[in-house]
Peer 1: 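Have a look at the structure that comes next, please.
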Number of protein chains: 2
Amino acid sequence: MSKKRVTLADVARLAGLSTSAASMILTGRPDTRLSPEAHAKVHEAAATLGYRPNMAARALRTDKTRTLAFISDHIATTRYGNGLIRGALAASEEAGHVLMMLETYGDPAHETRAIDAAIDRQVDGIIFAFVRSREVFLPSITSNVRMVMLNGTNRQCPIAILPDEYQGGCEAVSLLADANFTDGIVLLGHNAEVEEGLFRSGTILSRLNGIRSEMVSRGLGFVDELSSWNWEPENGYKLMKKYLKNSRPKALLCMNDRLAFGAYQALSEAGLKIPEDVSVVSFDNDEIAAYLRPGLTTIGLPHEAMGREAVRVLLDEKIVESETLVAMEPMIRGSVGGAD
Amino acid sequence: MSKKRVTLADVARLAGLSTSAASMILTGRPDTRLSPEAHAKVHEAAATLGYRPNMAARALRTDKTRTLAFISDHIATTRYGNGLIRGALAASEEAGHVLMMLETYGDPAHETRAIDAAIDRQVDGIIFAFVRSREVFLPSITSNVRMVMLNGTNRQCPIAILPDEYQGGCEAVSLLADANFTDGIVLLGHNAEVEEGLFRSGTILSRLNGIRSEMVSRGLGFVDELSSWNWEPENGYKLMKKYLKNSRPKALLCMNDRLAFGAYQALSEAGLKIPEDVSVVSFDNDEIAAYLRPGLTTIGLPHEAMGREAVRVLLDEKIVESETLVAMEPMIRGSVGGAD
DNA sequence: CTGTTAGCGCTTTCAG
DNA sequence: CTGAAAGCGCTAACAG
């Protein structure tokens with residue numbers, strides 16, 4: 001049962017060659033031309049013995065582990081931003097790498113420990129990922145590992161992947177404009193404090209900028225703006241409930257899907273049908289968007305594409321500085337009708 | 001910038017001792033008593049140099065990497081069962097270990113590759129985790145790594161962690177019984193085919209067994225049972241919509257939260273209030289349960305506790321065979337009222 | 001064109 | 001009680 005590990009030496013012995021020969025053949029380095037039959041013998045020996053290289057030994061020599069660290073604030077342990085992992089995992093698998101998962105809970109002490117743990121294990125690179133994109137603080141890193149910020153930015157790290165929120169904002173407005181809405185559009189959850197610069201949430205500001213800019217270029221205006229700092233369903237429900245007492249909007253532009261989820265409930269309780277009476281568009285493509293009825297039309301965060309891009313950039317050693325904006329993805333479901 | 005890695009030899013040199021002395025002190029082996037001042041010197045030297053052990057080198061010697069593999073079917077990339085990761089991550093961090101994340105998408109080819117990738121990197125153990133607990137097929141493993149099945153079972157692996165579905169089923173019924181419901185209880189989504197043994201879904205069968213057994217011991221019976229193979233919101237909605245045409249239940253026992261989510265919508269459209277008109281209990285404690293209004297009372301899958309338990313058991317080398325049943329956790333929210 | 005040899009950084013006998 | 005030396009499995013110089 002307790003099989004002894006098969007080593008390169010075993011393979012070489014069975015093939016009747018030196019370990020170095022076996023090494024060169026198995027790692028496929030084209031430097032030196034070994035005889036074709038040597039190749040065959042080694043490969044055969046490796047196969048029959050079931051040889052698997054010991055990556056600890058290889059790492060010690062080459063300083064490469066084919067392992068990447070994915071250090072996130074809350075992504076591995078919550079349901080948010082899980083597309084980031086999906087993309088990163090798929091891309092690293094395709095590249096023959098493996099992901100080491102570290103969670104910091106947004107806590108500096110955990111961040112330091114996570115970084116140390118990753119570096120101690122000689123990872124080939126580190127992805128720092130964040131649930132909500134923003135400028136982020138990080139402990140200073142004394143090692144020169146490659147790193148990339150995924151859904152965040154940091155001065156220490158010149159490589160970043162971000163969603164193109166500005167374009168996303170434009171798309172949302174376009175959806176409504178193309179459905180011929182010209183008035184009665186209300187903005188739900190815009191954050192006044194962000195626009196006034198009190199919060200440093202770059203990407204949300206871009207989302208808002210995209211919205212406003214597309215509105216003016218379409219010659220449109222909001223009939224009302226319901227500001228809110230909190231973007232949970234609870235809040236969307238309350239805001240909308242209150243608003244519906246005296247008003248009847250034709251379309252809702254919600255800052256995210258969770259607000260829209262709450263708005264759905266308030267609309268339903270007021271006897272308003274979606275999309276017949278009110279159309280709804282929002283942002284993120286949260287998984288709940290597909291559960292709602294009718295399905296929520298939303299401008300999706302391109303998390304999976306971002307995750308893939310992060311490992312691509314991380315693994316491409318030529319790239320030393322870059323900020324990538326990944327396009328947001330409109331998901332058309334049933335919540336937008338046509339204006340009368 | 002390109003700092004040279006500081007090695008144990010550097011530390012020893014600065015401390016004026018041999019590397020072996022430094023090694024013994026730093027790894028804290030109590031075998032041999034080195035002088036207290038030697039201890040002090042070494043620790044000081046390590047601190048001033050910022051020494052971090054090279055784990056690849058250490059792994060080569062000791063065959064221990066302080067790294068665990070978490071191989072799951074769909075857990076890392078979807079929002080399901082992510083409490084399993086949360087628990088496993090927390091417990092391994094506490095134990096000074098790190099998790100390597102591999103996803104198989106339920107595909108045997110991926111499983112094989114994931115296992116190889118993990119073993120190649122000399123992980124100290126493997127956790128096989130599954131979204132839905134069941135008997136599971138796995139490629140045969142020729143290595144003798146420690147492994148544990150998390151939310152699944154497999155003949156090859158004598159260590160398993162599972163939710164106590166039987167007890168959960170009992171709890172759900174008790175909730176209703178304690179609220180004095182004696183009739184008008186309908187079971188939504190019980191799976192006839194499972195009970196008939198057509199599907200080998202052990203834990204769901206246990207859930208059902210717990211329900212039935214507690215019903216009889218409380219002297220209760222269901223007024224109706226709406227069978228369904230599909231447990232998505234869509235289906236809960238349809239089933240309930242149709243049922244409500246001719247019937248008025250007093251309480252719903254749903255097989256999972258997503259069915260309950262659908263039932264909520266049908267109930268609302270029929271003008272029925274929860275919990276005034278109809279009480280609802282279900283299973284899983286999916287994150288949507290807290291979003292619903294009123295909050296859904298549900299018997300939660302103890303994912304986090306299970307994840308923790310998995311690493312605890314995996315790391316305890318004395319344990320060679322064990323099946324742990326982790327108690328399900330009733331989450332009391334607002335969806336259960338009292339019977340008239 | 002092939003094989004011998006010297007380490008990568010660490011732990012652990014085994015002499016001193 | 002301490003330090004020198006061997007070696008984990010592998011790769012990359014360097015001789016042959």
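A, B, ... follow the sequence lines: proteins, then strands. Residue 1 opens every chain. Atom set for the values below is all heavy atoms of this structure, side chains included, hydrogens, waters and symmetry mates excluded.
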Peer 1: Between C/dG9, C/dT4, C/dC10, which nucleotide has the shortest distance from any of its atoms to the side chain of A/S20?
Peer 2: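 So the side chain of A/S20 is nearest to C/dT4.
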
Peer 1: Roughly, in whole Å, what's the span from CE in A/M24 to C1' in D/dA13?
Peer 2: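 Computing the A/M24:CE to D/dA13:C1' distance gives 9 Å.
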
Peer 1: Take the protein atom CG of A/L8 and the nucleotide atom C1' of C/dC8, then report the distance between them rounded to whole Å.
Peer 2: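 In whole Å, C/dC8 C1' lies 16 Å from A/L8 CG.
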
Peer 1: Choose from C/dT11, D/dT11, D/dG9 the nucleotide whose nearest atom is closest to any side-chain atom of B/T27.
Peer 2: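 Within the option list, the nearest is C/dT11.
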
Peer 1: If you check every side-chain atom of A/T7, which of D/dT11, C/dC10, D/dC10 has the closest atom?
Peer 2: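 Nearest to the side chain of A/T7 among the choices is D/dC10.
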
Peer 1: Do the side-chain N or O atoms of A/S23 get closer than 4.0 angstrom to the phosphate oxygens (OP1, OP2) of D/dT11?
Peer 2: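 Indeed, a polar side-chain atom of A/S23 lies that close.
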
Peer 1: Do you know the tightest heavy-atom contact between A/T78 and B/N82?
Peer 2: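 Minimum heavy-atom separation between A/T78 and B/N82: O-ND2, 3.3 Å.
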
Peer 1: Compare side-chain N and O positions of A/T19 against OP1 and OP2 of C/dG3 and report whether any pair is under 4.0 Å apart.
Peer 2: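 No, A/T19 has no side-chain N/O under 4.0 Å of OP1/OP2 on C/dG3.
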
Peer 1: Can you confirm whether the side chains of A/E103 and A/T77 place a donor and an acceptor under 3.5 Å from each other?
Peer 2: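 A pair is found: one side chain offers a donor N or O, the other an acceptor, under 3.5 Å apart.
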
Peer 1: Looking at the side chain of B/Y51, which of C/dT12, C/dC10, D/dC10 is the nearest nucleotide?
Peer 2: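 Closest nucleotide among those given: C/dC10.
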
Peer 1: Of the nucleotides D/dT11, C/dC10, C/dG3, which has the atom closest to the A/L17 side chain?
Peer 2: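 In terms of side-chain proximity for A/L17, the closest of D/dT11, C/dC10, C/dG3 is C/dG3.
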
Peer 1: Is any side-chain N or O of B/R61 closer than 4.0 Å to OP1 or OP2 of D/dG7?
Peer 2: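 Answer is no, no contact under 4.0 Å.
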
Peer 1: Return the value, rounded to whole Å, for the distance between atom NZ of B/K41 and atom C1' of D/dT2.
Peer 2: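 In whole Å, D/dT2 C1' and B/K41 NZ are 14 Å from each other.
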
Peer 1: Taking CG from A/L60 and P from C/dA6, how many angstroms apart are they, rounded to a whole number?
Peer 2: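 In whole Å, C/dA6 P lies 18 Å from A/L60 CG.
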
Peer 1: Find the distance B/K64:NZ to C/dT12:C1' and express it as a whole number of Å.
Peer 2: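 It works out to 16 Å between those atoms.
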
Peer 1: Atom CE of B/M55 to atom C1' of C/dC8: distance rounded to whole Å?
Peer 2: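 Between C1' of C/dC8 and CE of B/M55: 16 Å.
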
Peer 1: Taking the minimum atom-to-atom distance to the side chain of B/R58, which one of C/dG3, D/dC8, C/dT11 wins?
Peer 2: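 Side chain of B/R58 sits closest to C/dT11.
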
Peer 1: If you check every side-chain atom of B/A57, which of D/dT11, D/dG3, C/dG9 has the closest atom?
Peer 2: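 The answer is C/dG9.
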
Peer 1: Knowing that exactly one of B/T67, B/T65, B/D124 qualifies, which makes a side-chain contact (heavy atoms from CB on, under 4.5 Å) with B/H97?
Peer 2: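 Answer to the side-chain contact (heavy atoms from CB on, under 4.5 Å) test with B/H97 among B/T67, B/T65, B/D124: B/D124.
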
Peer 1: Rounded to the nearest angstrom, tell me the gap between atom CZ in B/R121 and atom P in D/dC10.
Peer 2: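 For the pair B/R121 CZ and D/dC10 P, the rounded distance is 15 Å.
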
Peer 1: Without decimals, in angstroms, what is the distance between B/R52 CZ and C/dC10 P?
Peer 2: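 Spelled out: CZ on B/R52 to P on C/dC10 is 12 Å.
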
Peer 1: Take atom CD in A/Q156; do more than 12 heavy atoms of anything else shown fall under 6.0 Å from it?
Peer 2: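 Check passes, neighbour count above 12.
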
Peer 1: May I ask you to establish whether A/R155 and A/F137 are in a cation-pi arrangement, using a distance under 6.0 Å from NZ or CZ to the six-membered ring centre and at most 45° from the ring axis?
Peer 2: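 No, a cation-pi geometry is absent between A/R155 and A/F137.
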
